[in-house]
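Read the structure below first, then the notes.
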Amino acid sequence: MTQHLGRTALSHRVFTGLQSRRLGSLIAELAEAWMAAEEGRLHERRGRSRLRAAGAGPNHQLVFTDRVIATLVVLRFQLPHAALALLYGVDRSTIAMPLWPAHLPTTPNP
């Protein structure tokens, strides 16, 4: 199963517990804050600003949308990470990475 087929099947309401419109709204709501937090984490790790344009580095094995869907499926069904990794065609450790690091606030600041 390709990653696209994994996303298509797992984004169904049966797996996420959300209607597709609500899932899209949730992803849109979380994306900006997550991307800002991720950029801040990378900046801290590098110790400087980017040298290349955003998107010029290695590709993520799971894009943000897939990470949200995987998180919802794990929370809803307590599906083992190894099973979810098989559906997405990635290593178990990729699924086990948290969507939202514990040291970051859970809601964006107004």
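- In this structure Arg21 satisfies the side chain to side chain donor-acceptor pair (under 3.5 Å) test with no other residue, sequence neighbours excluded.
- Scored by the side-chain contact (heavy atoms from CB on, under 4.5 Å) test, Val73 finds Leu10, Phe15, Ile69, Phe77, Leu79, Leu84 as partners (sequence neighbours excluded).
- The shortest heavy-atom contact between Arg22 and Leu18 is CG-CD2, 3.9 Å.
- Evaluation of the side chain to side chain donor-acceptor pair (under 3.5 Å) rule for Thr94 yields Gln61 as partners, not counting sequence neighbours.
- Surrounding CZ of Arg92 are at most 12 heavy atoms belonging to other residues, nucleotides or ligands under 6.0 Å away.
- Under the salt bridge (charged side-chain N to carboxylate O under 4.0 Å, His left out) criterion, Arg45 pairs with no residue at all, not counting sequence neighbours.
- For the side-chain contact (heavy atoms from CB on, under 4.5 Å) criterion with Tyr88, the lone passing option out of Asp91, Val90, Leu86 is Val90.
- Nearest heavy-atom pair, Ala70 versus Ile95, reported as atom, atom and distance to 0.1 Å: CB-CD1, 4.4 Å.
- Put simply, the side chain of Asp66 reaches to within 4.5 Å of the side chain of Val63, judged on heavy atoms.
- Residues Leu75 and Leu30 fall into different hydrophobic clusters, defined by Ile, Leu, Val, Met, Phe, Trp and Tyr side chains chained together at heavy-atom separations under 4.5 Å.
- Looking only at distances, a side-chain donor or acceptor of Gln78 sits under 3.5 Å from a matching main-chain atom of Val74.
- Note that CG of Leu23 is 12.0 Å distant from CZ of Arg13, once rounded to the nearest 0.5 Å.
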